[in-house]
Amino acid sequence: MLFEILTLFPSMLEAPLSESVLGKARESGIIEVRTRNIRDFAEGRHRVCDDAPYGGGAGMVMKPEPLVSAIEESRARTSREAHVILLTPQGRLLDQRLVEKLAAESHIVLVCGRYEGVDERVREFVDSEVSVGDYVVSGGEPAAWILVDAVSRLIPGVLGNDSSAEADSFSQGLLEHPHYTRPPDFRGRKIPEDLLSGDHARIAKWRRKQALIRTKQRRRDLLDRLELTDEDQRLLEEAEEELARNEEAS
Ligand code: SAM
């Protein structure tokens, strides 16, 4: 997978895209990430990339010429078909379903806006528009980092154990079960017995039950979208009974 990030601030992305999971994936060649400075595509001695908005008002707007030249160069660069994404708070919200769809691409180009955003006419030169959440950050760079990370996790070989992405929250429509590690007793808080049992079936059942109840408590909207099996219904009831018993006891 090739990710190209068009940005006015390539150095902002250096560390986030070079450390840990992404750094290793790049080193092993599973993913390739290139940043391109939009300024290199601007004309004139000062390579100006922004200008005042028509109609007046605060802030600057990113000019269309350098952005579109950068997009066109990216599209022409490889024989693979590029999927060009404009990062904008006005785009489709990034969720695991969209991440899964993007993981099937082979060349993703991310356009990072700054200031008040990009000239409206740039939208005609991209394939989709994506937002990382209903809030506004100062530039597309943090959004690009999030998208590259989330998509890369689904590419075989990027995670040490590919099945860990399958169990992650949202992949099966549920939040993931809780995790515990040593010590077995942390300030009086113990590990659930099922996890210490060594019985794989019992552990799997406990994890499923926790994922179900956790999702019901925190993200009812996710649970409502799922068709639960009879076994899931039973586990959920069991979890609710256990919770009620614990509340009564405390
Ligand atoms: N004035 C714009 C608006 O209200 O829609 C926001 C501009 S924002 C300060 C500057 C740039 O940051 C945007 O062009 C976009 O590239 C990026 N950005 C900000 N919030 C984002 C979000 N939630 N998702 C994706 N990109 C975002």
Side-chain angles (χ1 to χ4, degrees), residues 1-18 21-22 31 33-43 46-75 82-105 107-154 168-170 219 221-222:
M1 166 78 89
L2 168 62
F3 295 96
E4 282 190 286
I5 305 172
L6 311 182
T7 166
L8 284 173
F9 301 100
S11 60
M12 267 188 189
L13 287 161
E14 267 164 29
L17 299 175
S18 306
V21 172
L22 292 181
I31 62 165
V33 185
R34 293 189 203 151
T35 50
R36 291 306 311 268
N37 194 330
I38 296 163
R39 207 168 291 287
D40 294 342
F41 296 86
E43 303 277 329
H46 298 294
R47 297 189 175 272
V48 174
C49 287
D50 58 298
D51 208 336
Y54 276 109
M60 300 295 270
V61 176
M62 284 179 76
K63 288 163 70 59
E65 309 94 313
L67 277 170
V68 170
S69 298
I71 292 169
E72 284 172 345
E73 202 216 65
S74 289
R75 284 199 194 277
H83 184 84
V84 181
I85 298 174
L86 175 64
L87 295 161
T88 160
Q90 303 179 13
R92 172 174 166 188
L93 272 181
L94 186 67
D95 61 11
Q96 196 65 20
R97 258 198 328 196
L98 181 53
V99 168
E100 282 162 14
K101 223 172 114 197
L102 293 175
E105 298 284 347
H107 181 187
I108 291 179
V109 180
L110 300 171
V111 182
C112 301
R114 277 270 149 186
Y115 319 120
E116 283 308 312
V118 307
D119 184 290
E120 183 69 9
R121 292 164 290 183
V122 172
R123 294 181 53 216
E124 287 174 42
F125 295 84
V126 304
D127 301 307
S128 64
E129 299 179 34
V130 172
S131 164
V132 292
D134 284 346
Y135 47 80
V136 174
V137 290
S138 305
E141 293 75 13
W145 174 14
I146 290 170
L147 191 148
V148 170
D149 191 310
V151 171
S152 298
R153 289 173 64 79
L154 300 189
D168 273 344
S169 294
F170 309 110
R219 290 293 303 273
D221 59 310
L222 294 179

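Whatever order the structure lists ligands and atoms in, that order sets their numbers, starting from 1. When reading the values below, keep in mind they use all heavy atoms of this one structure, side chains included, and skip hydrogens, waters and symmetry mates.
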Output block, N or O contacts of ligand 1, threshold 3.5 Å exclusive:
unit_1, atom_1, unit_2, atom_2, d
ligand 1, 1 (N), E116, O, 3.0
ligand 1, 1 (N), E116, OE1, 3.3
ligand 1, 5 (O), Q90, NE2, 2.9
ligand 1, 12 (O), G139, N, 3.4
ligand 1, 16 (O), L87, O, 2.6
ligand 1, 16 (O), G113, N, 2.9
ligand 1, 20 (N), V137, N, 3.1
ligand 1, 23 (N), G133, O, 3.1
ligand 1, 23 (N), Y135, O, 2.8
ligand 1, 24 (N), V132, N, 3.0
ligand 1, 26 (N), T88, N, 3.4

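- In this structure, the side chain of R36 does not engage the main chain of L6 through any donor-acceptor pair within 3.5 Å.
- Here the rule is side chain to side chain contact (heavy atoms under 4.5 Å, CB included) with R92, and of L94, T88, D95 only D95 fits it.
- Applying the side chain to side chain donor-acceptor pair (under 3.5 Å) rule to T7 yields the partners E141; only residues at least two apart in sequence or on another chain are considered.
- Applying the side-chain contact (heavy atoms from CB on, under 4.5 Å) criterion to D127, with sequence neighbours excluded, gives R75, H83, V84.
- The side chain to side chain donor-acceptor pair (under 3.5 Å) test applied to D119 returns R121, not counting sequence neighbours.
- One finds no salt bridge joining D40 and R47 here, because no Lys/Arg side-chain nitrogen approaches an Asp/Glu carboxylate oxygen to under 4.0 Å.
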